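Notes follow once the structure below has been shown.
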Amino acid sequence: MTDVLEVLEPATERLLQEVPRVGVAEVDAAVARAKAAYPGWRAVAPADRARLLRRVVEAMEGAWEELALLEARNAGKPIASARGEIGMAIETFRYFAGAPERPFGETIPVAGGMAFTVREPLGVVGLITPWNFPLAIACWKMAPALAAGNTVVLKPAELTPLTALRFASLALEAGLPEGVVNVVVGPGRTCGQRLVEHPDVAKIAFTGSTAVGVSIAAGAAATIKRVTLELGGKSANVVFADADVEAAARAAPGAVFDNAGQDCCARSRILVERSAVDEFLSHLEGAVRAIRVGDPLDAATEMGPLISAAQRDSVASFVDGDAEVAIRGSVPDGPGFWFPPTVLWPVPLDHRAVVDEIFGPVAVIVPFDGEADAIRIANDTIYGLSGSVWTRDGAKGLRVARALESGNLSINSNSSVRVTTPFGGFKQSGYGRELGPHATDAYTEVKTIFYNTEGN
Ligand code: NAP
Ligand code: MG
């Protein structure tokens, strides 16, 4: 069954593009194409595979502005951010283009011969991705998967399928063989689910909500599929009184309101040492009010709308009157799924806004008393994706970063993701790591080979 998906522009609520929406039969056909292409792709000599991936880099560079505009309009993100994200997607392919030529295995001394390991590709890999960083997250998965010799079937989120579709055509133009990259646009509960169940899919790499991650892990168990999961977060931004409190406060909005808060790394719990709360809030207020919310295509815009009416309503439900609104930014009049940058304080510690992932521009302030208290509160969550520690005491910064149960920490900075460093979660933020020097490991199987040199 093929019908039509209406892809919207969240800043205007208008139709952006119609694309064919597929069902389970087309997922099966895409898996069959990927399976047919796999032996040829895996047999491509390492240097040739690297060369083809570098051609993908060039094709993406040629389409950079086009991809950025598509992403900005479809995901409602500021054009400046969209350009940066497409740049990161390109960097990801550039980084992993070298992977086919890097050594993988080990030799191990054994009696009677030689034992060594090789890394084999898995086969067909299913990629299921969200709408918040559509092409960047897809490339974090595609680049290492393809570099390691797998073929892929990508199911982007229905809300934002346009850059993935354009990528598929660019990859073909760049010379990747037919069937190596396949994109299926359809609902998660049917098409995504089919990828999870399909016997010819060897692995699922997923980014999205923890609830869907649970269903994917459970579904994948039936065929012992390999699974990596990048899920939600409720990260802490821990500001000690001995920090440069003004710098921490001025940086805090970027750490939670970038991408309108629709970021799994959002530092949405701002933990401030009690004696510094007033100073922190005084600087934070100016920084939040200065955020330019508006037309994603205006180069000066810093924050766009939320992705959908449903997401806006879900975010709004967290601001329920049981917590005080200490700071609220402004939004444009007229159509668009807008929500103002909002800081809640004071707020009860058991309030949903403190406990649950909001995935929108809402932050809470939580005071603490000393190092042990900061660590206890920061770790009091089911999640563990990122976090920051602000202090002028370097040893304390490192101690706290080591103590936080989280995959990505930064000290006196809010940076989370870099192409060259591993990224992923502790606890219910998922398992597996993307990016960085070992990311291809998650798209390979280790094989041990023993060669008998002594005869029988
Ligand atoms: P989601 O439901 O987890 O969607 C992520 C991807 O999974 C989409 O491609 C979706 O397809 C697909 N999917 C949905 N149900 C599936 C199923 N049963 N089997 C296989 N695939 C399935 O996330 P969302 O609904 O877009 O957002 C909901 C919440 O998830 C957010 O509010 C946020 O808390 C969290 N989230 C986290 C991240 C992150 O980066 N960690 C990203 C996005 C969302 P369709 O949407 O096309 O149906
Ligand atoms: Mg969903």
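Counting convention: from 1, in listed order, for ligands and their atoms alike. None of the values given here were measured: they were computed from a predicted structure.
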Within reach of ligand 1, part of L159 (heavy-atom separation under 4.0 Å) = neither
Return yes if some donor-acceptor pair links the side-chain N/O of E71 with the main-chain N/O of L135 below 3.5 Å, else return no.
-> yes
In terms of atom number and element, which parts of ligand 1 are under 4.0 angstrom from non-hydrogen atoms of T129?
-> 6 (C), 8 (C), 9 (O)
Any donor-acceptor pair under 3.5 Å linking the side chain of R226 with the backbone of A202?
-> no
What atoms in ligand 1 come closer than 4.0 Å to a heavy atom of E357?
-> 33 (C), 34 (O), 35 (C)
How does Q311 reach ligand 1, by side chain, by backbone, by both or by neither, if only non-hydrogen atoms under 4.0 Å count?
-> side chain
Record the part of E158 in heavy-atom contact with ligand 1 below 4.0 Å; permitted values are side chain, backbone, both and neither.
-> both
Less than 3.5 Å between some nitrogen or oxygen of I137 and one of ligand 1, yes or no?
-> no
At a 4.0 Å threshold, what atoms of ligand 1 neighbour a non-hydrogen atom of P130?
-> 42 (C), 43 (C)
Are any side-chain N or O atoms of N150 and backbone N or O atoms of Y443, one a donor and one an acceptor, separated by less than 3.5 Å?
-> yes
For the pair T207 (side chain) and T129 (backbone), establish whether a donor and an acceptor sit closer than 3.5 Å, ignoring hydrogens and angles.
-> no
May I ask you to check whether L231 has an N/O atom sitting below 3.5 Å from an N/O atom of ligand 1?
-> yes
Please check if a non-hydrogen protein atom sits closer than 4.0 Å to atom 25 (O) of ligand 1.
-> no
is_close_aromatic(F423, W140), centroid dist under 6.0 Å | yes
Between S388 and N414, a side-chain donor and acceptor under 3.5 Å = yes
For C264, counting its heavy atoms only, list the atoms of ligand 1 lying under 4.0 Å from any of them.
-> 39 (C), 40 (O), 41 (N)
Taking E13 for its side chain and G336 for its backbone only, find out whether a donor-acceptor pair lies under 3.5 Å.
-> yes
Does D263 approach ligand 1 within less than 4.0 angstrom via side chain, backbone, both or neither, non-hydrogen atoms only?
-> neither
Of F133, W131, F359, the one whose closest heavy atom lies nearest atom 33 (C) of ligand 1 is F359
Sub-4.0 Å protein heavy atom near atom 4 (O) of ligand 1 | no
Donor-acceptor under 3.5 Å (R328 side chain, T342 main chain) | no
With heavy atoms of K155 as the reference, note each atom of ligand 1 found under 4.0 Å away.
-> 9 (O), 11 (O), 45 (P), 47 (O)
Against heavy atoms of E230, which atoms of ligand 1 measure under 4.0 Å?
-> 41 (N)
Is a side-chain N or O of Q262 found less than 3.5 angstrom from the main chain of N259, in a donor-acceptor match?
-> yes
